[in-house]
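Side chains are part of it too, since the values below use all heavy atoms of this structure and drop only hydrogens, waters and symmetry mates. Keep in mind that what you see is a predicted model, and the values were worked out from it rather than measured.
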Amino acid sequence: MRKKGIFWSVIGVHLLFSLVFTLMSNITHPLLALVKTWPLYGQIILACIFSFVLYIIPGYILVISLSSNEKLIENVDRIMIAFTLVLIVVFLISFANAMMLHSRQGWLFYATFNPVSGLLIYNLFDKLVTWWDLFWVFTALMPGLGMMLGMYLRLKKEGSVR
């Protein structure tokens, strides 16, 4: 499978996982009641850990579904960097929208692309967005890192990597 094919496989697995998560949690987030009163750094850290751990599963499953592990090993870092950059750009667009329009509807756009963290941000931001909220960009890094770890664990189990 070519590099583009693997990238679209990653996007497809992410979209399927996002759809399942969104259908399971509706428009709320499972951690919302827990972190609503926490300080900003605690919310971000817990959202990152939650997202990282959840995205290990699709990364693991993705390796099972692909037939050519050699191409995957060669291209996984570039593919995950591209995937993460897409999520960062979407986050920055949503942040700019929320900052300029003083509306939380911009976060709904981010929640569409990254619902594991985006739904939490959407539900927490009933106030004006500040520059401190830019630290939420770390939540855009976690899906790529979690999927990479899941891929690595599966490839290690298959004996493809040491």
Whether S94 side chain and Y110 backbone form a donor-acceptor pair below 3.5 Å: yes
Report yes if the side chains of Y60 and K157 come closer than 4.5 Å at any heavy-atom pair, otherwise no. yes
If I take atom CD1 from residue I79 and atom CG from residue L62, how far apart are they, to the nearest 0.5 angstrom? 8.5 Å
Kindly assign one of parallel, tilted or perpendicular to the pair F138 and F135, based on the angle between their ring planes and the thresholds 30° and 60°. parallel
Contact check, side chains of F52 and L141, non-hydrogen atoms, under 4.5 Å: no
Between M142 and C48, which heavy-atom pair has the shortest distance, and what is it? CG-O, 3.4 Å
Are F95 and M100 grouped together when hydrophobic residues (ILVMFWY) are joined by side-chain heavy atoms under 4.5 angstrom apart? no
Please examine the side chains of W107 and N97, heavy atoms only from C-beta on, and report whether any two atoms are closer than 4.5 Å. no
Rounding to 0.5 Å, atoms CD1 (I11) and CG (L15) come to a distance of 6.5 Å
Going by the angle between their ring planes, with limits at 30° and 60°, are F109 and F113 parallel, tilted or perpendicular? perpendicular
Quick one, L134 and L92 - any side-chain contact, counting heavy atoms below 4.5 Å? yes
Rounded distance [0.5 Å steps], CG in L149 versus CD1 in I57: 11.5 Å
Separation between OG1 of T139 and CD1 of I44, rounded to the nearest 0.5 Å: 8.0 Å
Is there a path of hydrophobic side-chain contacts, each under 4.5 Å between heavy atoms, that joins V13 and L85? no
Does Y152 reach the side chain of K156, with side-chain heavy atoms less than 4.5 Å apart? yes
4.5 Å side-chain heavy-atom contact, Q43 and W136: yes
Quick check: is M147 connected to I81 through a chain of hydrophobic side chains (ILVMFWY, heavy atoms under 4.5 Å apart)? no
Under 3.5 Å, is there a donor-acceptor pair between the side chain of H14 and the main chain of P143? no
CD1 on I61 to CG on L16, rounded to 0.5 Å: 9.0 Å
Should V116 and N114 count as side-chain neighbours, where that means a heavy-atom distance under 4.5 Å? yes
Less than 4.5 Å apart, any side-chain heavy atom of R154 and any of I64? yes
From I121 CD1 over to L108 CG, what is the distance, rounded to the nearest 0.5 angstrom? 12.0 Å
